[in-house]
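The structure under discussion appears below in the form of structure tokens.
FYI, the numbering just counts along the sequence from 1.
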Amino acid sequence: MTTILANLITDYKQTANLPPKRKHCPCCFSEQATFKQHDCRTRELRYIASFWVKTFVLTLFRWKCCVCN
């Protein structure tokens, strides 16, 4: 695995389950918006490392605004 890919994966693992850092909701523009986890899905990423195809399971989270849903 390349070091760039490894760094991206570790960064994602650290911040994946945290709510988005936004000052306002992009839909309703409310300044009082808080976000809660709405859904999550898993995806498999495949990459080639020294003649082998390796997979990495990635979890994607969806967030919902508590003001406008």
Practice problem: Not counting sequence neighbours, which residues clear side-chain contact (heavy atoms from CB on, under 4.5 Å) with Thr42? List them please. | Solution: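 Scan of Thr42 (side-chain contact (heavy atoms from CB on, under 4.5 Å), adjacent residues dropped) gives Val57, Thr59.
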Quiz item: Residues two or more places apart in sequence or in another chain: which of them pass side-chain contact (heavy atoms from CB on, under 4.5 Å) with Leu60?
Solution: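 By the side-chain contact (heavy atoms from CB on, under 4.5 Å) rule, Leu60 matches Tyr12, Arg43, Leu58.
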Self-check item: Those residues that, when tested against Arg62, pass side chain to side chain donor-acceptor pair (under 3.5 Å) (two or more places apart)
Solution: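 Once residues adjacent in sequence are excluded, Arg62 has no partner under the side chain to side chain donor-acceptor pair (under 3.5 Å) criterion.
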Exercise. Find the distance between NZ (Lys54) and CD1 (Ile48) and round it off to the nearest 0.5 Å.
Key: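 One finds 12.0 Å between NZ of Lys54 and CD1 of Ile48.
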